[in-house]
Amino acid sequence: MPKLPAKAASLVMPLLLSVLMTLIVSLVSTLKSLGLEAFTLQGWLSTWGLSWLIAFPTLLLVLPLVKKLTAYLVHAGS
């Protein structure tokens, strides 16, 4: 399988993170609010799509700040 260039990692990582996190969080939230009886796949995917549209750009914007804060809080040496 062909791989993307290394510079694509700055977009691929937040893309994958936002997809996985919003899938899980929207599933839990949808089940909690509707219950298992009223749950539908279409309803969940609709909720997930909206949450992902917010999460991905947010991750792109805040990731540089999070990296700086992490570097400030974590000792660089081993």
Side-chain angles (χ1 to χ4, degrees):
M1 177 176 154
K3 293 188 177 188
L4 297 169
K7 66 181 180 177
S10 64
L11 288 175
V12 172
M13 192 275 297
L15 173 69
L16 295 175
L17 183 61
S18 65
V19 166
L20 293 173
M21 287 192 68
T22 55
L23 271 171
I24 294 166
V25 171
S26 65
L27 175 62
V28 170
S29 179
T30 303
L31 283 171
K32 175 115 174 69
S33 66
L34 297 179
L36 192 55
E37 303 81 29
F39 176 83
T40 64
L41 184 61
Q42 181 181 3
W44 170 42
L45 292 178
S46 174
T47 302
W48 167 75
L50 178 60
S51 63
W52 181 81
L53 284 174
I54 295 166
F56 183 57
T58 301
L59 268 172
L60 292 176
L61 290 173
V62 301
L63 196 55
L65 175 63
V66 170
K67 286 180 180 180
K68 287 180 184 178
L69 287 170
T70 301
Y72 177 76
L73 294 171
V74 175
H75 189 290
S78 49

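Nothing here was measured: the structure is a model prediction, and the numbers come from that model.
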Would you say [Y] ends up clustered with [X] if hydrophobic residues are merged whenever their side chains have heavy atoms under 4.5 Å apart, either directly or through other cluster members?
X	Y	answer
L53	L17	no
L36	L41	yes
I24	L45	no
V74	L63	no
V66	Y72	no

Take W44 and T30 through the test side chain to side chain donor-acceptor pair (under 3.5 Å) and record every step on the way to the result. CA-CA 6 Å; W44 170 42; T30 303; 5.1 Å; no

Enter the distance from L31:CG to E37:CD here, rounded to the nearest 0.5 Å.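 Nearest 0.5 Å value for the CG-CD distance: 10.0 Å.
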
State the CE-OG distance between M13 and S18, to the nearest 0.5 angstrom. 10.0 Å

Locate the shortest heavy-atom distance separating [X] from [Y]; write the atom from each residue and the value.
X	Y	answer
P14	L60	CG-CD2, 3.8 Å
T40	G43	OG1-N, 3.0 Å
L11	F56	O-CE1, 4.0 Å

Report yes if some heavy atom in the side chain of W48 is under 4.5 Å from a heavy atom in the side chain of L27; otherwise report no. no

Kindly indicate whether the side chain of W52, heavy atoms from C-beta on, has any atom under 4.5 Å from the side chain of L15. yes

Is a donor on one side and an acceptor on the other found under 3.5 Å between the side chain of S29 and the backbone of V25? no

Would the distance check show the side chain of T58 and the main-chain N or O of I54 forming a donor-acceptor pair, the cut-off being under 3.5 Å? yes

